**Q** 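I have a structure I would like to understand better, so I am pasting it below and will then ask my questions one at a time.
Computed over heavy atoms, backbone and side chain alike; hydrogens, waters and symmetry mates excluded. The chain is numbered in sequence order, starting from 1. Predicted, not measured: the structure shown is a model, and the values here were computed from it.
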Amino acid sequence: MDKILILDFGSQYNQLISRRIREMDVYSEVIPFHSFPKIIDPDVKGIILSGGPESVYDKDAPYLDPSIFDWNIPVLGICYGMQLLMHHFGGIVEPTQKREYGKSEIKLAYRTLLFDHISSKSIVWMSHSDHVRKVPEGFKITSATDSSIASVEDQLGKIFGLQFHPEVSHTQEGDKILANFVLKICNAKQEWNVSDFIETSIHEIRKIVQDQHVILGLSGGVDSSVTAALLHKAIGSQLTCIFIDTGLLRKEEAKEVMNGYGNLPNLDIELIDAKDRFITVLKGITDPEQKRKIIGKTFFDVFEQAKASHLDAVFLAQGTIYPDVIESQSVHGPSATIKSHHNVGGVPEEHSFQLLEPLRMLFKDEVRRLGLALDLSRDLVMRHPFPGPGLGIRILGEITEEKVKILQDADSIFIEELRKNGYYDKVSQAFVTLLPVKTVGVMGDRRTYEYLSCLRSVNTTDFMTANTSDLPHWFLELVSTRIINEVNGINRVLYDITTKPPGTIEWE
Ligand code: XMP
């Protein structure tokens with residue numbers, strides 16, 4: 001399959017570049033700048049150098065491996081990537097007087113193939129503190145803003161540089177510019193699609209697994225569910241899913257998960273009821289980190305025990321997806337990824353299983369498309385993320401059975417109303433938290449003294465940054481009224497309007 005290789009120089013947008021290209025049905029991969037392959041891969045039709053926070057003159061700045069030019073395929077440098085190219089060929093890069101950040105307008109000097117069908121004036125997104133002052137010989141400036149060179153190209157039409165970020169949505173014609181590069185300049189074929197992926201994966205899974213047994217930790221979330229569906233299609237009854245009810249799940253979740261795979265008849269799910277065990281080990285624990293550790297360890301122990309009764313299993317399947325892979329191979333070294341906290345079925349250091357991660361090259365939106373193609377229900381596929389420690393990190397302070405019940409009831413009202421009013425798919429993640437604080441209220445003629453709860457709803461594309469959802473006042477009031485009327489134990493409801501950063505999405 002044709003592909004575009006993205007060399008990661010530390011940009012926060014590198015995953016976005018890859019996604020934009022895959023949205024064109026062309027396969028793309030992100031690799032750290034220092035691991036450029038030694039052997040030419042004929043499937044690679046173009047190379048993109050991502051942006052990065054460094055300056056080309058910094059002592060330890062990520063460098064350009066000149067062997068990329070031996071491949072004799074088109075190269076596009078974005079932001080830092082362009083500066084590297086200019087520096088490499090003898091141009092001058094220097095600090096700008098003022099950091100250019102945000103929207104700018106570029107004016108085209110030449111409508112080359114990269115700018116085919118692009119307006120002569122176009123809004124782009126800039127984020128740089130260095131700029132190219134002089135382009136090397138053999139290059140021309142193809143566009144500029146009032147204060148900087150915005151794009152360059154060599155005379156042969158093989159090497160390109162963009163000072164702005166075509167991959168972010170604020171660059172109005174960014175998709176078209178990237179498509180011009182990928183489809184018209186690199187001539188990459190649009191061969192990346194979900195149904196082919198299913199066919200190839202099934203073939204590969206069968207080849208690897210043969211007649212052996214696989215176990216999978218099922219959380220009810222999108223990634224593990226789609227992994228289960230794919231494996232089920234590939235190997236049927238050779239798959240056993242282990243689902244642990246920690247007691248810290250959403251209301252009715254265990255039941256829903258057990259019934260929820262209606263389209264996967266005969267999917268073998270083993271339910272382990274560990275509610276008592278979790279509540280016992282969490283007794284008296286109030287510190288968030290300690291809670292996370294205890295929940296993680298208990299989960300691991302329960303899963304280990306469950307695995308022990310499947311000694312015939314050779315493979316452990318996991319719903320690892322591409323952002324986790326990119327993060328762990330990032331130029332900054334393995335960073336603390338969301339999943340590594342302890343995802344359901346987190347792999348022990350010395351596990352005796354072979355890992356099976358069939359979604360490891362897919363982005364979340366691709367996993368969702370795959371799930372739909374595999375006939376999983378839309379509700380399941382479009383589910384908001386749910387953290388491994390579950391409600392344990394949404395009940396602030398000590399966790400008790402009573403509080404779990406209160407929170408489950410409140411949370412299910414919020415989610416139900418979001419769905420009913422068409423907001424569920426418009427927000428990225430929504431939930432309720434329960435505070436260890438009681439306030440005074442009045443209901444009927446009665447004075448109440450009950451817990452405080454808070455609604456949280458965020459919109460985000462990557463969960464690294466997030467804005468609070470702009471839910472209308474009438475809707476928040478409706479949810480608040482229902483919670484206070486229907487949930488025994490809560491008499492006041494707040495709405496969290498903290499963005500991330502400085503806040504995190506979860507409260508603990
Ligand atoms: P924060 O709170 O870090 O959350 O802004 C970002 C995203 O990660 C989820 N999250 C977790 N997911 N195990 C998980 O599998 C965890 O321990 C965990 N902690 C946070 C959170 O729900 C949000 O989607």
**Q** Might you work through the side-chain contact (heavy atoms from CB on, under 4.5 Å) test for F303 and I272, ending with a clear yes or no?
**A** CA-CA 9 Å; F303 195 72; I272 296 176; over 6 Å; no

**Q** Could you tell me whether H117 atom NE2 has more than 12 heavy atoms of other residues or ligands within 6.0 Å of it?
**A** no

**Q** For residues L248 and P389, report the shortest heavy-atom separation together with the two atoms involved.
**A** CD1-O, 3.9 Å

**Q** Heavy atoms, side chains only, cut-off 4.5 Å: are L5 and D41 in contact?
**A** no

**Q** Between F160 and F181, what is the ring plane arrangement, given parallel below 30°, perpendicular above 60°, and tilted in between?
**A** perpendicular

**Q** Considering non-hydrogen atoms only, spot the tightest contact between L76 and G161 and give its length.
**A** CD1-N, 4.3 Å

**Q** G371 and V226: which non-hydrogen atoms are nearest, and at how many Å?
**A** CA-CG2, 3.8 Å

**Q** Taking R394 for its side chain and V432 for its backbone only, find out whether a donor-acceptor pair lies under 3.5 Å.
**A** no

**Q** Which heavy atom in L380 sits nearest to a heavy atom in G220, and how many Å separate them?
**A** CD2-O, 4.4 Å

**Q** Evaluate I490 against D409 for side-chain contact (heavy atoms from CB on, under 4.5 Å), listing each step before the verdict.
**A** CA-CA 10 Å; I490 293 178; D409 288 345; over 6 Å; no

**Q** Any chance the side chains of T460 and S428 put a donor and an acceptor closer than 3.5 Å?
**A** no

**Q** F243 versus E270: any side-chain heavy-atom pair under 4.5 Å?
**A** no

**Q** Applying side-chain contact (heavy atoms from CB on, under 4.5 Å) to Y322 and R22, what does each step give before you reach the verdict?
**A** CA-CA 12 Å; Y322 199 37; R22 291 204 194 171; 3.5 Å; yes

**Q** Ignoring hydrogens and angles, tell me if any N or O in the side chain of T298 forms a donor-acceptor pair with the backbone of F278 under 3.5 Å.
**A** no

**Q** Working note: L471 + V427, criterion side-chain contact (heavy atoms from CB on, under 4.5 Å); need CA distance, chi angles, decisive distance, verdict.
**A** CA-CA 9 Å; L471 294 169; V427 306; 4.3 Å; yes

**Q** Just by distance, do the side chain of D8 and the backbone of P32 share a donor-acceptor pair under 3.5 Å?
**A** no

**Q** In Å and rounded to the nearest 0.5 Å, what is the NZ to OG distance from K176 to S122?
**A** 8.0 Å

**Q** Going by distance alone, is a donor N or O of one side chain under 3.5 Å from an acceptor N or O of the other, for Y80 and S11?
**A** no

**Q** Are there more than 12 heavy atoms of other residues, nucleotides or ligands under 6.0 Å from atom CG of N259?
**A** yes

**Q** According to salt bridge (charged side-chain N to carboxylate O under 4.0 Å, His left out), does anything in residues 186-201 pair up with another residue at least two apart or in another chain? List the pairs.
**A** D2-K189

**Q** With salt bridge (Lys or Arg N to Asp or Glu O under 4.0 Å) as the criterion, how do K420 and E417 come out once you've worked through the C-alpha distance, each side chain's angles and the decisive distance to 0.1 Å?
**A** CA-CA 5 Å; K420 236 202 259 174; E417 289 298 338; 3.4 Å; yes

**Q** If you round to the nearest 0.5 Å, how far is CE of M382 from CG of L376?
**A** 12.5 Å

**Q** Between W71 and F36, does the ring centre distance come in under 6.0 Å?
**A** yes

**Q** Could you check whether D175 pairs with R20 (Lys NZ or Arg NE/NH1/NH2 to Asp/Glu carboxylate O, under 4.0 Å)?
**A** yes

**Q** Looking just at side-chain N and O atoms, do E173 and S119 make a donor-acceptor pair shorter than 3.5 Å?
**A** yes

**Q** Is the backbone of F463 close enough, under 3.5 Å, to the side chain of K500 for a donor and an acceptor to pair up by distance?
**A** yes

**Q** In Å and rounded to the nearest 0.5 Å, what is the CG to CD1 distance from L7 to I31?
**A** 5.0 Å

**Q** Show the nearest heavy-atom pair for residues Q15 and F363, with the distance to one decimal.
**A** O-CZ, 3.6 Å

**Q** Answer yes or no: is there an ion pair linking E416 with R419, defined by an N-O contact shorter than 4.0 Å?
**A** no

**Q** Please check this pair: side chain of S50 against backbone of F9, looking for a donor-acceptor N/O pair closer than 3.5 Å.
**A** yes

**Q** Are N266 and S237 packed together at the side-chain level, in the sense that at least one heavy-atom pair is separated by less than 4.5 angstrom?
**A** no

**Q** Can you measure from CD1 (I21) to SG (C186) and round to the nearest 0.5 angstrom?
**A** 8.5 Å

**Q** Would you indicate whether the side-chain heavy atoms of I73 and I47 approach each other to under 4.5 Å?
**A** yes

**Q** Without hydrogens or angle criteria, can the side chains of S377 and D379 be said to hold a donor-acceptor pair below 3.5 Å?
**A** no

**Q** Distance check, rounded to the nearest 0.5 Å: M24 atom CE versus Q190 atom CD?
**A** 8.5 Å

**Q** Quick one, L249 and V257 - any side-chain contact, counting heavy atoms below 4.5 Å?
**A** no

**Q** Among Q305, H310, E304, find the one that has a side-chain hydrogen bond (donor to acceptor under 3.5 Å, both in side chains) with K307.
**A** E304

**Q** Just wondering, more than 12 heavy atoms not from L494 lying within 6.0 Å of its CG?
**A** yes

**Q** Under 3.5 Å, side chain of Y261 to main-chain N/O of A229, donor-acceptor pair present?
**A** no

**Q** Given side chains that start at C-beta, do those of V168 and T171 come closer than 4.5 Å, heavy atoms only?
**A** yes

**Q** Would you check if the side chain of R292 reaches a backbone N or O of E508 as a donor-acceptor pair within less than 3.5 Å?
**A** yes

**Q** Check whether any side-chain N or O of H34 sits under 3.5 Å from a backbone N or O of P62 as a donor-acceptor pair, and report yes or no.
**A** no

**Q** For residues S127 and H165, is any side-chain donor paired with an opposing acceptor at under 3.5 Å?
**A** no

**Q** S469 vs N459, test: side-chain hydrogen bond (donor to acceptor under 3.5 Å, both in side chains). Steps then yes/no.
**A** CA-CA 6 Å; S469 311; N459 281 69; 2.6 Å; yes

**Q** I'd like to know if E256 and R250 make a salt bridge, using a cut-off of under 4.0 Å between side-chain N and carboxylate O.
**A** no

**Q** Please check if atom NZ in K297 has more than 12 non-hydrogen atoms from other residues, nucleotides or ligands closer than 6.0 Å.
**A** no

**Q** Looking only at atom types and distance, does a side-chain atom of D411 sit under 3.5 Å from a main-chain N or O of F431, one as donor and one as acceptor?
**A** no

**Q** Do E253 and L391 have side-chain heavy atoms sitting under 4.5 Å apart?
**A** no

**Q** Which of parallel (below 30°), tilted (30 to 60°) and perpendicular (above 60°) describes Y27 and W192?
**A** tilted

**Q** About how many Å separate OG of S457 and OH of Y495, when rounded to the nearest 0.5 Å?
**A** 4.5 Å

**Q** Closer than 4.0 angstrom, basic N to acidic O: yes or no for K3 and D43?
**A** no

**Q** Would you say F115 and I177 make side-chain contact, with heavy atoms under 4.5 Å?
**A** yes

**Q** Between Q238 and Q212, is there a donor-acceptor pair closer than 3.5 Å when you use the side chain of the first and the backbone of the second?
**A** yes

**Q** What closest approach, in Å, do G51 and C79 show between heavy atoms, and which atom pair accounts for it?
**A** CA-CB, 4.1 Å

**Q** Inspect the contact between R360 and D324 and indicate whether a charged nitrogen and a carboxylate oxygen are less than 4.0 angstrom apart.
**A** no

